[in-house]
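Here is the structure we will look at.
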Amino acid sequence: MTVDHSHRIWDPVHECLARPDLERLQLERLQATLQRVYHRVPCYQEKFRQAGISPDDIRSLGDLARLPFTTKEDLRCNYPYGMFAVPMRDVVRIHSSSGTTGKPTVVGYSRNDLNTWSELVARFMTAAGVSADDIVHIAFGYGLFTGAFGLHYGAEKVGATVIPISGGNTDRQIMIMEDYRSSVLVCTPSYALTIADRIERQGHSRAASSLRVGLFGAEPWSEEMRREIEQRLGIIATDNYGLSEVMGPGIAGECLERRGMHIFEDHFIAEVIDPDTGEVLPPGTVGELVLTTLTKEAIPVIRYRTRDITRLSYERCSCGRTLARMEKTRGRSDDMLIIKGVNVFPTQIEEVLFQVEGCEPHYQLVVDRVDNIDTLEVLVEVNESIFFDEMKKQRAFIDLVEKRLASTLNVGARVRLVEPASMPRHEGKAQRVIDKRKR
Ligand SMILES: [Zn+2]
């Protein structure tokens with residue numbers, strides 16, 4: 001007999017708190033966190049002094065907006081351990097960001113931090129319907145990156161069976177997935193598509209797979225991509241959110257309603273600000289997500305600027321959780337391209353491509369500046385239904401995609417078709433943008 005886990009809540013006491021009770025808890029934890037960082041982290045003491053504020057001035061949640069922000073730059077300037085609020089002997093784990101530019105950022109975890117982390121991952125796994133009956137296939141790379149370990153301990157916490165396969169070697173992934181009867185897939189959404197591609201190319205039937213649920217994260221992805229993954233792998237695809245500077249995965253995750261990710265507000269305060277002015281925006285407005293940790297011991301962060309663009313909803317969710325939800329992120333503001341003065345997110349282009357029959361979900365964006373004018377070229381992989389030998393059909397297809405892109409983006413883009421299966425397939429985070437202007 002199969003048990004329906006779709007309405008289970010991992011920690012009903014904390015996930016269903018009445019808002020006044022939640023806010024009381026947040027304020028208590030915030031005040032304690034501020035005292036700790038003020039007395040133990042010189043960078044915060046200095047920041048608060050410069051802002052002319054002391055932890056005792058914060059008497060309500062509304063006062064939070066008076067505190068200065070923390071940025072990735074602060075973590076870099078205090079590399080490696082300057083932001084830690086506990087002595088190294090209390091730190092039991094180190095993780096680090098990928099550090100695509102400059103020095104990476106280093107984060108530490110105390111024993112309690114690791115417990116909290118697995119508890120919070122267990123919350124979103126349970127919300128996605130994962131239970132002790134599942135076999136969880138973790139295809140994130142194990143290492144300094146927080147994704148694999150975060151999901152690993154959360155899955156063990158809910159009692160699931162973990163397969164720590166790590167990234168790479170797609171054929172072996174598929175063999176193990178089928179032989180070991182994996183029911184939950186954990187990876188980036190772009191790798192899920194790579195796996196789907198390979199399964200189809202091998203001519204395997206979907207019936208051979210026991211996959212039921214996907215827990216995808218670590219890169220922004222569109223609703224269209226979700227539908228594509230669900231249809232091709234025959235699973236329910238869910239989104240979750242985290243970033244290593246704040247904790248890693250487990251900051252927010254979707255319930256099966258899949259209308260935004262519940263933020264674990266008893267551990268994090270979420271604000272949305274105008275990225276240009278830093279001003280806090282009213283609920284429901286799109287802006288940059290800012291997070292304050294409430295329980296972290298090793299490296300608490302106050303008003304951390306995530307660069308992720310989203311909006312918050314405080315409407316009650318029918319799953320029973322009272323926690324606010326954040327919309328799927330549109331991408332990091334660092335990923336945003338400015339083309340002829342217009343803001344463009346790669347996920348917007350992805351949405352358009354997924355709606356056009358014949359486009360494969362593999363694409364690349366090439367941005368350049370020619371005679372002082374920005375150009376955007378979209379390389380699109382097409383499937384066999386687009387005949388490369390029929391120029392007229394091909395032209396009509398390009399026109400159609402260009403027209404749709406122009407109306408969505410408000411800026412023109414040139415489309416170039418590439419042969420089926422010619423684009424690079426990704427085993428981790430997808431590299432979709434080549435910005436030649438930065439060279
Ligand atoms: Zn919900």
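In listed order, ligands and their atoms are each counted from 1. Quick caveat, the model's predicted, so the values are computed rather than measured.
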(message) Regarding S318 and E257, do their side chains bring together a donor and an acceptor under 3.5 Å, going by distance alone?
(response) yes

(message) I need the full list of ring-ring contact (aromatic ring centres under 6.0 Å, His included) pairs touching residues 219-239, with sequence neighbours left out, sorted by first then second residue.
(response) F216-W221

(request) Using salt bridge (charged side-chain N to carboxylate O under 4.0 Å, His left out) as the criterion, list what pairs up with R36, not counting sequence neighbours. (result) none

(message) List the residues meeting side-chain contact (heavy atoms from CB on, under 4.5 Å) with R66, not counting sequence neighbours, and say none if there are none.
(response) I53, D57, D63

(request) Cation-pi check, R93 to F149: give yes when NZ or CZ is under 6.0 Å from the six-membered ring centre and within 45° of the ring axis, no otherwise. (result) yes

(message) Distances under 2.8 Å only: what protein N/O/S atoms are near the Zn ion (ligand 1), ordered by chain and residue?
(response) C255 SG, H262 NE2, C317 SG, C319 SG

(message) Quick check on E315: does its CD atom have over 12 non-hydrogen neighbours (other residues, nucleotides or ligands) under 6.0 Å away?
(response) no

